[in-house]
Structure formats: C-alpha cells, structure tokens
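Scope of the values below: all heavy atoms of this structure, side chains included, with no hydrogens, waters or symmetry mates.
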Amino acid sequence: MANPKQVSNFRNLNQDIIDELITLAFKEDIPYEDLSTNAIYQGQAAQVELLAKEAGVICGLDLFQRVFFHLDPEVQFESWVRDGDRVANQETLMVIKASVNTLLSGERIALNFLQRMSGIATATRRFVDALEGSGIKLLDTRKTTPAYRPLEKYAVRVGGGYNHRYSLSDQIMLKDNHVAAAGGVKAAIQAAKAYAPFVKKIEIEVEDLDMVRAAVEAGADIIMLDNMDHDTMEEAIAIINGQAIIEASGNFTWDNVTDYKDLAIDYISSGAITHSAGILDLSLKHLKVSE
C-alpha cells in the first residue's frame, strides 16, 4: 500500500457554512441519540476502511473527515488518495481510527456527503474527457441542491469543470423570461447596460438566428446558444464572428457532446452534471475492534 497522502483542502469555501451543513445533518440523523450504537458501545477503540465499490473520481475527503471530527477531534486518518484522484473498484482509500461510537454514528452522514460529491466529480470528469482535444470548457449551472451549492460547485472543479456564476449577484444573465419581460433582445441588453456597472459582463440566451443577430448588434458580451442543433449553431457562430464569447447549452450529454467538438464554442454548460449526477458507491468496511 502506498504512503498516506494529505487530502485536498476546500479552497475558497466558507468553513462556517460547511460546519452548519454538518450540524444540520447531525440534527437530522441523531436528534437525541444513536440507539443502535449506544446499545453495544463499551468504549472500545476501532478502525474501519473506506472502500470504493465502483470506479470513479473521489471528492469531498476533507468534508468526510470533518464529519468525524465533529464527534471526536482525536480521530486519526490515513488516506491513500486525494480529491480528484481516479479510484478503482474495491480500492481501499482511507483508514479511520476512532471509538466504535464515533465510527458508527458518523458513518452515514460522512458517506452521504462523500458519495454525492464524488458522483458529481465523476460525472463532470466523464464529460470533460469527452471534450478532450476540443478546447471547449465545461461549465456548471445554478441547478444545484438548495444550500449545497458550495459543495456541488467544488465537486465540479475537482472533476475538471469550471464554475459559471455562483449566484444571481455575480453576473447579468438574460434568459428567455427576462427577454420577454423587457420586450426583446435589444431592449433587454440596453436596459442591462444602463443598469449594470461597466465591469459586469452581460450574457444573453438566444434560441434562433434572429436573436443571435440582435444580440450581436446590441453588444452582448456572452451569447448563449440554447437548444440549437449542430447546423444552426454553426450558422450562429458565423454570425457572431468573434464579437462575443460563445456558450452553448441544452441537453448536452457525454454521449452526444462529441458531435459538437468541431465547432468554435468557448464553453458548454450543463445542469445535468449536478442535478442528475448519481452517487459514487463507497462504503465503510472491515471494522476491527481493538483487543
């Protein structure tokens, strides 16, 4: 077995928010006590292994550890992987040493966080691998689990993707209903330019070539080509002709995205990498109680 690694840190994440999520998870899972564990617990020390039960990309190891530290600050970890590593089926990723109570009471919460984040990182990496060689960057969206956005967007980065805006306060992004409310593409962009600080870029979602032309004429910084087929997208790119950053969105998957790799797209955004990602199957196994 290789030498233990230091797992990655959650960079640029608000640790108070992370601790609040862990606290809420414990309130949900152990409102009074862990009846099952307390019925057998006699103060023994023990160790257990974190095992991958399928291949994927691991993500969330710091948070996984932080859950156990919530119960006992003296927990010990030996990790052979770090966030972003590809893991194999049946690979031992980490050994955790603590009391039986700490290991059993923290198990499900820690795994829930780790499996969800690893599932997103795995889905993202699969998408990024499909785009390899094209120069197109993969973006996430705001289609995240409420309150869990910091974790899910972190998982996208670990998987090799990039974050789109974090919140509505970050950027002006005019979607179909904004355009309808403003009375058209040009009117929406003009209103945005009049309102926004000059340092804020203006992105607009367009659905046909007439909207593309209007967005270019009005001076949009980023034009999102929404739900266009390959040929229509190719025409739209020719109309834009380098006058705006191009983002494409709408029903892309890792299976069909290769059909668009020949196009001069800067970014592809996908909500599926967060809202439809499954979990990575992980488990705590081989618990051994010290004699």
Salt-bridge test for Glu205 and Lys175: reply yes if a basic N is under 4.0 Å from a carboxylate O, no otherwise. yes
Would Lys137 pass as a cation-pi partner of Tyr267, given that its NZ or CZ must be under 6.0 Å from the six-membered ring centre and within 45 degrees of the axis? no
Taking side chain to side chain donor-acceptor pair (under 3.5 Å) as the definition, give me every residue that meets it alongside Arg165, ordered by chain and number, with sequence neighbours left out. none
Is there a path from Val216 to Ile172 through hydrophobic residues (I, L, V, M, F, W, Y) whose side chains come within less than 4.5 Å of each other? yes
Arg142 pairs by side chain to side chain contact (heavy atoms under 4.5 Å, CB included) with which of Met173, Arg149, His164? Arg149
If only atom types and distance count, is the side chain of Arg116 paired as donor or acceptor with the main-chain N or O of Leu151 below 3.5 Å? no
Using a 3.5 Å distance criterion without hydrogens, assess whether the side chain of Asn89 forms a donor-acceptor pair with backbone atoms of Ala55. no
Could you tell me which residues satisfy side chain to side chain donor-acceptor pair (under 3.5 Å) with Gln47, sequence neighbours excluded, listed by chain and number? none
Between the side chain of Asp208 and the main-chain N/O of Asp210, is any donor-acceptor distance below 3.5 Å? yes
Return the minimal non-hydrogen interatomic distance between Ser269 and Asp140, and the atom names on each side. CB-O, 4.2 Å
Are any of the side-chain heavy atoms of Val87 and Leu280 separated by less than 4.5 Å? yes
Show, in sequence, the C-alpha distance, side-chain angles and deciding distance for Phe252 and Phe127, and conclude whether the ring-ring contact (aromatic ring centres under 6.0 Å, His included) test is met. CA-CA 9 Å; Phe252 286 108; Phe127 217 127; 7.3 Å; no
When clusters are formed by joining ILVMFWY residues with side-chain heavy atoms under 4.5 Å apart, either directly or through shared neighbours, do Ile240 and Leu174 land in the same one? yes
Looking at Asp29 and Ala25, would you say the former's side chain and the latter's main chain have a donor-acceptor pair under 3.5 Å? no
Side chain to side chain donor-acceptor pair (under 3.5 Å) with Glu152: of Thr274, Asn163, Thr144, Thr145, only one passes, and it is Thr145
Taking the ring of Tyr154 and the ring of Tyr148, is the distance between their centroids below 6.0 Å? no
Donor-acceptor list for residues 184-192 side chains, cut-off 3.5 Å, not counting sequence neighbours:
from, atom 1, to, atom 2, distance (Å)
Lys186, NZ, Glu217, OE1, 2.7

Using the ring-ring contact (aromatic ring centres under 6.0 Å, His included) rule, take Phe77 and Phe69 through it: C-alpha gap first, then chi angles, then the decisive distance, then the call. CA-CA 11 Å; Phe77 300 92; Phe69 282 134; 5.3 Å; yes
Pair Asn101, Asp34: side-chain N/O donor-acceptor within cut-off below 3.5 Å: no
Which heavy atom of Thr141 sits nearest a heavy atom of Gly271, and at what distance? OG1-CA, 3.5 Å
I want to check something: taking the side chain as every heavy atom from C-beta on, are Ile30 and Ser105 in contact at a cut-off of under 4.5 Å? yes
